[in-house]
Structures are given as structure tokens and as C-alpha cells.
Amino acid sequence: MKLMKNKAICRRVLGLALSAAMALSLAACGNSSGGETEKKEWVWVPEFITIDDETVSFYDMQLVGDSLCYQSYDYDEETEISTQSICRYSLADGNITKTPLNYVEEKNWNLNRLVYAQDGSMYGTTNVYNEDYTKSETFLCKFDAEGKQIFAEDMTELVAESYVDNMAIDGEGRIYVTGENNVWLFDADGNKRGTVSLGADVNWIRAMGSGKDGKMYLCYYTSNGDTVLCDIDFDGKKTGNTYENYPSSNSNALVPGIDKDFLAQDGNRVYEYDTKSQTSTELFTWLDSDINGNTVENFWGLEDGRILAVASDWETNEKSIALLTKTKASEVPQKETIVIGSLYGGSDIQAAAVKFNKSNDKYRISIKGYLDFNSWDGDDYEAYMADGMTRLNNDITSNNCPDILDLSGLNIKQLAAKGVFEDLNGYLEKSEKLSREDFLENILEAYTLDGKLVSIPYGFQMSTVVGKGSEVGTEMGWTLEELIAYADAHPDALLFDSKTKDVIMMTLMAYNADYFIDWSTGECRFDSEEFKDILNFANRFPEEYDWEKEDVSTPNKIQKGQVLLYEENIYDFNELQMCNEIFQGDASYIGYPTMDGSVGCMLSASQAYAITSKSGHKDGAWEFIEGFLTKEENPDRGFSSIGFPTMKSKLNAMAADAVEVKYYTDENGELYYDENGEPIVMGGGSSISYGDGWSYEYSIPTQEEVDLALSLMEIAKPVSYSQGDEVLNIINEEAAPFYKGQKSVDEVASVIQSRIKIYVGENK
């Protein structure tokens, strides 16, 4: 495909003057829900830069001195020649210089993994392919400041069993290239000088770069999840000192610090790390500087103490460059802070918060995460989740209650019974942008608890159980008793593939725990015969599942009669057709079993937020929720979240688009054709395959498949219990002695009843 000719006249367009709206978002004042917010002495004020170059590339953009360096590709339509250039954008005066690359030999060079030197030269690894792209060679190249190729050293044999992942140069011009568990060493002239082998304990080399002391360092993850920082002994061809407590980094490069050895960032906060004390100090959060930290690709400290960050959001295709200046908080206008409490604090929340903060003159969003990823050692996930839930629940019951809760992973029925949520019905009725009729009615009903509309999710996915219609019937919905009877009728087959005792218990309790708990009265029924039947049924499953011995796919097992049921995750209109293939035209979406036989189609919401009844900024909180519900989608990408939109207009557009047959075309609108002379269909040809040979190639969804998905949306319900929930933790913990034959089912049920009754009494 042709590249468009660069018609831009490169010039400086700097956002040098901060708007009042921008400045207002950078400091907190007042309180949140009766509790004092953090008073910050310093904030980092952003100054956003625009590079006016149609060919600008944010991939591998790097700061060298006072210039941002990047690669560009220019295409001359008259000569049909494409030129690759080294580009340098001057932070001092905004000038852009372009230096075309001049290869010594004419080959099919594919340059990647670049690093720029202070003298204007550039290093990179290249893949050189043959004419039919069946073979390739890998070279280490250097280009001087004039773009001339100085050398191309063959390193094909070095990477034959690996790959090139990262690259850096030290102050002496020596070159370091990483791949898998290796660091390959080259002198300034590209000559091989040895290999540093890190060993099998290294799971992944995360980053490499020079520190303030000029040494070359590595950051890698071990097989047990530890983060290790070490320096490299070039002459000794080995790693040197190691340093503890380096914060988990969201960057592929090690960045020299401003006052200390390194800058580091985890997608949320920016730290400085000191190798002598082996401690880190938090500088600021990206959100306070109106930046979504999860989109930051590179960042650097400048000699004058500022920080330069380059961000690229793959979902929205938005790219930004920001210069951050440390500023006294007292010099920045104040806003009232709205706190979002979230277990996970994901990128989607940050993106929504950044957009709100940039546009709102009165309020700013702050996100408080309750899971500390830096402190988790990779073991005991249930305890890790429980600790986060405990911290969140403590805040909810205190004066530190957040204004908004991200409902991901929360037991909303339990919280609703405690009166935690504000009713959104009144806000929706008064809204000039939204009405109840804009959303799927089933979603609103699902999130209406005790008469209160607690949330309006932005999007959702579904999960359900599929079986063979000739055996389980074609009507949706069945009871746990019917499920057990079905398993009894097929003693030589597994009910589900790869389920353990704990996992099947979580699966069954996700929809049925509320049958045994009344959160309003505190009554529990875990000593009932019905729950004992569930314990006995879960005990049929294995203690652990041996994934390493797995050699047959689940679809294959179902078609051979070895497995009966399939759990289907539905996140687009294509997914249903594979189930029809698995069950060879006899698929029945019977659903998860429930105590009353109602349809168990599981609804997993995305961006579901609730305003807390304790919030001191309810109007501002609604402004935030209303804003992301009404945001416009990127026309090139469609719905911005994985799954389906809750807004009818967006869902209808997605459904219509799913069945429309569209074809690939070039820039002139001409059709592309396949080897048979047929136009190539967009959305067709994608496939899924397994190691045992079972595969499926997707096609454009039929209207019948779309209608089936829409019908499932009308009955799907959110579950109240997920991994890490204390009720499930108690059940699995106390059931273990029964599974091991150490206690009877009656003894275990009695203990579970007692513990959960106490827990419900303390938390209702």
C-alpha cells in the first residue's frame, strides 16, 4: 500500500500557555465524603507539544540531548520511491531536521529496535528478507549523523533460537542487545565481544539502559515474579551487583533519574530509585498531570529538572507529548476532588478521568486503588484480593469513603444491603443528555437493587453454559439438581473440562450463594441438605488439574463425548458460531445451573460505576458518569471497550455492522482480490486453532446468530461473587478437610454456616 506524500511544512506548534482548565486540574482541595484529601506540596504541570509532521512516528521515539528522535517514511508519488529518515525535533526551537538513511547495499532492510547516540548516529537491528519472505537474516547496523550506513554485522546465528527484544549503548559507544535470557555484547565498531547469559530463572528482561553513573543496567523478572535490577560487567561478560526493591516498571527502558539513579513508573505513579539505599520515592501520579500512565511509552528526565513523556493510546489512537514542570501546589488553582475507589484501577478508568479533568473547571478525578500490585509476591491470590477488599470496606465504613466506586470485583448486593449506593434514577430523570430509554432495560433492571438504580455500565460481556440440545433440551435454564442428574447419567464423561474442586464450587456459587444468604436479615442456610449436595458434587472433581499433560483441546473432547458442557464467553457477535461448530449444529445455550432453574447467563460489566451515599460531591460524580456514558466512539475502531455497549443506539449500530458484508479496498477504493479472483471480505478468514489440530474459521455472523446474542442480553444478570470474595474464601477454606476425607460433609457444612453467618452479621 502506498504511503501518502508528506505535504506538511515542519514547524513548531507548542502549547506553551497553559489554559485555565488545564491548570485547575493539578491540585486538590476540600474533602471527599467528609474525609480530608491529601494536600500536596508539589505538582507536575504539563505543557503539551504538537509535532507538525504528517510522518511523525511515536514508535521508539527517544530523547537525545534536547531533541526528540524518531523515524519517518516519506513516499514520492512521482518517483514511487519511499525514503526512511532519522528525524530530530528540537525542544529548544521546534525545528525538525530529516536525514535520509543511505544503505551500503540494496536489500530488503527492515529496521527496528533503534537507539540514538549523542553524536547524532543511530544504531538498530534489521531483518533482511529474501524475495518471497520465507527466510531472513538479522544484522546489527550503525548509521552516522549524515545517515550513512557505517556497518552491518551479521548476528543471525546469535538470535537463531531467540529474538531481539531491546537495545542500548553506553557512554563508550559499546552496544548491548537483549533477547530472551541473553545480553549480546558488541564494541563500538559492531564486533561481537561476548554474551551475558542470565539463566533459566529469568522469565523476562523488562528493560535496559544507563543510570546516572553511566553504567549499563538490566531490569528483569524472575520465574517467581520478583523484579530484579542489576548492572552489567561488559569486560567480565556477566551481571554485577543486584539491587532490591526496584519498583515494578511499566517502561521498556531504564531511565536516569533527576536527583537519584533512576526514574521508574508503574502505569500509575512515577518514582525515583536510589541504588545506594535501594529505596524509591514517589514523585507524582500521572493522573495528577492529566496523563493516562498506562499509555506512556517512554519518558525521560531533562537536565533542567523537567520530565518529558510520550504517550500513545492504541484504543483511541490519541498520541501526546508532554513536558512536566515541578510546581508549587499553592501556585496552581484548586479544584474539588472526586475520589474513585477501585480494586484494580485500570487504564479505562484513567482514560475517563483524564478526559474529565481536562474539560471540567470545578472538579477533578482522583483514583484510589486498593490492590497493591508492587507488594504482591505472586502467591495466594485469594488472600491478596481479600486484603484489597478489606481496605476498601474499611474506607466505605469510615469518613474516607470514595465518592464513586468502580464495581469491578465487588459484591454489589452486599453493598446495596448496607445502603452504600446513591440512587441514579433521579439523576437520570433530570439529565439533559440521557434518558432511561437510551439503555437496555435488562441492564438497568439488573443493576436496580432494593429499588435503587446503583449503576449504568458502559459495556458488558456475557458468559453461559452450552450443551448438546438433544441431551439437555433446547429450553434455557436448569437447576443444580438437574445438572447433577445429567452428570450421573454420563459417568464416563467429564461434566466440564479442567475444573477443580475449588473452581467448580466458585462456578456454582457465583449464581447461587445468594440463595443461601439473606443480607437484609443476616440469615444463612449453608447447613442445609441442598448445600451439602453441592459439597458432595464438588468433591467429584480433581484437587488439581495437570495442565502440562493436556494434549487434547476442549472442542475435540466434546466431539468425542469425553466432555459434556462448554463455557462460552460472548464478547462479540462472532463468538456464537464456534459453539455451533463444536456441537455440530446441536448447541443449546442452557446456562449456568441455579437453585430455582432460572436462566444462568452471566453478565460481566465494564466501566460500571456507582455514586456512594456518603459522597460530598454527588453532582460532580454524576457529571463524570454522564460524561463517559455519552462519549463518542472512534469511527475507525467502533465501540472502545471489549464487549457490547449498554446504550441501544451503539448496540444497534454494532449489530447492523456485524452482518454487513464489506470488502477490503486500497486507498483509491479499488477492491482487493484473493487467489481465486474473489473480493476479500473484511471480518472473514480469522480463525482459532489448537495444538491437537482442531480449528475453526470464522465467517460473517448471520442475522440468526446476532438475534440469539441479543436474546441472551435480555436475560443476562451480574453475579455477586467472584474470586477473592470472603464468602467464597470461607467455603473453599473450610471445604478442604472434607475434600481430603478428614471431616464429614455435616461437620464442614456446620462450620461454613457458622463462619459465614458471623461474617454476614458483621457486614450486612
Student: Would F644 and Y571 count as a ring pair (Phe, Tyr, Trp, His ring centres under 6.0 Å) if you check the C-alpha gap in whole Å, the side-chain angles of each, and the deciding distance to 0.1 Å?
Tutor: CA-CA 7 Å; F644 303 98; Y571 52 86; 8.4 Å; no

Student: Are any non-hydrogen side-chain atoms of I404 and V339 less than 4.5 angstrom apart?
Tutor: no

Student: When you measure from the side chain of W478 to the backbone of G591, do you find a donor-acceptor pair of N or O atoms at a distance under 3.5 Å?
Tutor: yes

Student: Do side-chain atoms of D438 reach the backbone of S435 as a donor and acceptor pair under 3.5 angstrom?
Tutor: yes

Student: Under a 4.5 Å cut-off applied to non-hydrogen side-chain atoms, are L410 and L392 in contact?
Tutor: yes

Student: So, K648 and E437, do they make that salt bridge, N to O below 4.0 Å?
Tutor: no

Student: Is the shortest heavy-atom distance from the side chain of K650 to the side chain of M647 under 4.5 Å?
Tutor: yes

Student: Can you tell me how far OH of Y698 sits from CZ of F573, rounded to the nearest 0.5 angstrom?
Tutor: 15.0 Å

Student: Return yes if some donor-acceptor pair links the side-chain N/O of T646 with the main-chain N/O of P457 below 3.5 Å, else return no.
Tutor: yes

Student: So how far is it from R755 CZ to C524 SG, rounded to the nearest 0.5 Å?
Tutor: 13.0 Å

Student: Ignoring hydrogens, what is the shortest heavy-atom contact between A716 and A446? Give both atom names and the distance.
Tutor: O-CB, 4.5 Å

Student: Using every non-hydrogen atom in the two residues, find where V466 and C579 come nearest and quote the distance to one decimal.
Tutor: CG2-SG, 3.8 Å

Student: Please evaluate residues D406 and S408 with respect to the criterion side chain to side chain donor-acceptor pair (under 3.5 Å), reporting the C-alpha separation (whole Å), side-chain torsions for both, the decisive distance (0.1 Å), and the verdict.
Tutor: CA-CA 6 Å; D406 169 18; S408 301; 3.0 Å; yes

Student: With a cut-off of 6.0 Å (strictly less than), are more than 12 heavy atoms of other residues, nucleotides or ligands near CD of E544?
Tutor: no

Student: For the pair F624 and Y609, name the ring-plane relationship: parallel under 30°, tilted 30 to 60°, perpendicular over 60°.
Tutor: tilted

Student: Would you tell me whether D596 and S598 have side-chain atoms, one donor and one acceptor, within less than 3.5 Å of each other?
Tutor: yes

Student: Please confirm whether the backbone N or O of P491 pairs with a side-chain atom of D488, one donor and one acceptor, at under 3.5 Å?
Tutor: no

Student: Look at atom CD of Q562 and say whether more than 12 heavy atoms of other residues, nucleotides or ligands are closer to it than 6.0 Å.
Tutor: yes

Student: Any side-chain heavy atom of I758 sitting closer than 4.5 Å to one from S754?
Tutor: yes

Student: If we count only N and O atoms by modelled type, under 3.5 Å, do the side chains of E747 and S750 hold a donor and an acceptor together?
Tutor: no

Student: So, taking the atom named CD in E530 and the one named CG in L480, what distance separates them when rounded to the nearest 0.5 Å?
Tutor: 9.0 Å

Student: Going through the distances and angles, do M602 and T464 end up as a side chain to side chain contact (heavy atoms under 4.5 Å, CB included)?
Tutor: CA-CA 6 Å; M602 193 179 298; T464 191; over 6 Å; no

Student: Kindly determine whether Y592 and S463 satisfy side chain to side chain donor-acceptor pair (under 3.5 Å), including the steps that lead there.
Tutor: CA-CA 9 Å; Y592 289 96; S463 178; 2.8 Å; yes

Student: How close do A352 and Q607 get, counting heavy atoms only, and between which atoms?
Tutor: CB-NE2, 4.1 Å

Student: Going from CG on L343 to NZ on K368, what distance comes out if it is rounded to the nearest 0.5 angstrom?
Tutor: 12.5 Å

Student: Verify whether one side chain among T500 and D502 offers a donor that lies under 3.5 Å from an acceptor in the other.
Tutor: no

Student: Side-chain contact test, heavy atoms from C-beta onward, threshold under 4.5 Å: evaluate it for S398 versus N400 and give yes or no.
Tutor: yes

Student: Output yes when a side-chain donor or acceptor of S604 lies under 3.5 Å from a complementary backbone atom of M462, and no otherwise.
Tutor: no

Student: Check whether NZ of the Lys or CZ of the Arg K631 lies under 6.0 Å from the centre of the six-membered ring of Y458 and within 45 degrees of that ring's axis.
Tutor: yes

Student: Supply the atom-to-atom distance T479 OG1 to I484 CD1, rounded to the nearest 0.5 angstrom.
Tutor: 8.5 Å

Student: Is the shortest distance from a Lys or Arg side-chain nitrogen in D403 or K614 to a carboxylate oxygen in the other one below 4.0 Å?
Tutor: no

Student: Are N512 and T594 side-chain neighbours, meaning at least one heavy-atom pair lies under 4.5 Å?
Tutor: yes

Student: Does atom CD of E704 have more than 12 heavy-atom neighbours from other groups under 6.0 Å away?
Tutor: no

Student: Please step through salt bridge (Lys or Arg N to Asp or Glu O under 4.0 Å) for the pair K532 and D527, ending with a clear verdict.
Tutor: CA-CA 7 Å; K532 293 175 188 177; D527 54 356; over 6 Å; no

Student: Verify, without hydrogens or angle tests, whether D657 (side chain) and A653 (backbone) share a donor-acceptor contact under 3.5 angstrom.
Tutor: no

Student: Decide yes or no for Y486 and L565: does some side-chain heavy atom of the first lie under 4.5 Å from some side-chain heavy atom of the second?
Tutor: yes

Student: Could you tell me whether R436 and E429 make a salt bridge, using a distance below 4.0 angstrom between a side-chain N and a carboxylate O?
Tutor: no

Student: With ring-ring contact (aromatic ring centres under 6.0 Å, His included) as the test, pick out the partner of F531 among F537, Y515, F526.
Tutor: F526

Student: Does the side chain to side chain contact (heavy atoms under 4.5 Å, CB included) test come out yes or no for N580 and D586, once each step is laid out?
Tutor: CA-CA 7 Å; N580 198 46; D586 191 22; over 6 Å; no

Student: With distance as the sole test, does Q577 use its side chain to make a donor-acceptor pair with the main-chain N or O of S699 at under 3.5 Å?
Tutor: yes

Student: Identify the two heavy atoms, one from A709 and one from L576, that lie closest to each other, and give their separation to 0.1 Å.
Tutor: N-CD1, 3.6 Å

Student: If you count every heavy atom of other residues, nucleotides or ligands that lies below 6.0 Å from E475 atom CD, does the total exceed 12?
Tutor: no

Student: Distance-only, no hydrogens or angles: does the S431 side chain make a donor-acceptor pair with backbone N or O of Y427 under 3.5 Å?
Tutor: no

Student: Do the side chains of L483 and L495 get nearer than 4.5 Å, heavy atoms only?
Tutor: yes

Student: Between D423 and N425, does any side-chain donor sit less than 3.5 Å from a side-chain acceptor?
Tutor: yes

Student: S455 and Y447: which non-hydrogen atoms are nearest, and at how many Å?
Tutor: O-CB, 3.4 Å

Student: Below 4.0 angstrom, N of the basic side chain to O of the carboxylate: do K452 and E422 qualify?
Tutor: no

Student: Grab the two heavy atoms, one from V760 and one from G522, that are nearest each other, plus how far apart they are.
Tutor: CG1-CA, 3.7 Å

Student: State plainly whether the residues D497 and K557 are in salt-bridge range, i.e. N to O under 4.0 Å.
Tutor: yes

Student: Should we say atom NZ of K618 is surrounded by more than 12 heavy atoms from elsewhere, each under 6.0 Å from it?
Tutor: yes

Student: Can a cation-pi geometry be assigned to K501 and Y739, taking NZ or CZ under 6.0 Å from the six-membered ring centre and within 45° of the ring axis?
Tutor: yes

Student: Any sub-3.5 Å donor-acceptor pair from S613's side-chain atoms to G419's backbone N or O?
Tutor: yes

Student: Ignoring hydrogens and angles, tell me if any N or O in the side chain of Y690 forms a donor-acceptor pair with the backbone of P555 under 3.5 Å.
Tutor: no

Student: Verify the ring-centre separation between F356 and F628: is it less than 6.0 angstrom?
Tutor: no

Student: Got a second to check how far E471's CD is from K468's NZ, nearest 0.5 Å?
Tutor: 5.0 Å

Student: If the plane angle is over 60° it's perpendicular, under 30° parallel, otherwise tilted; pick one for W694 and Y696.
Tutor: parallel

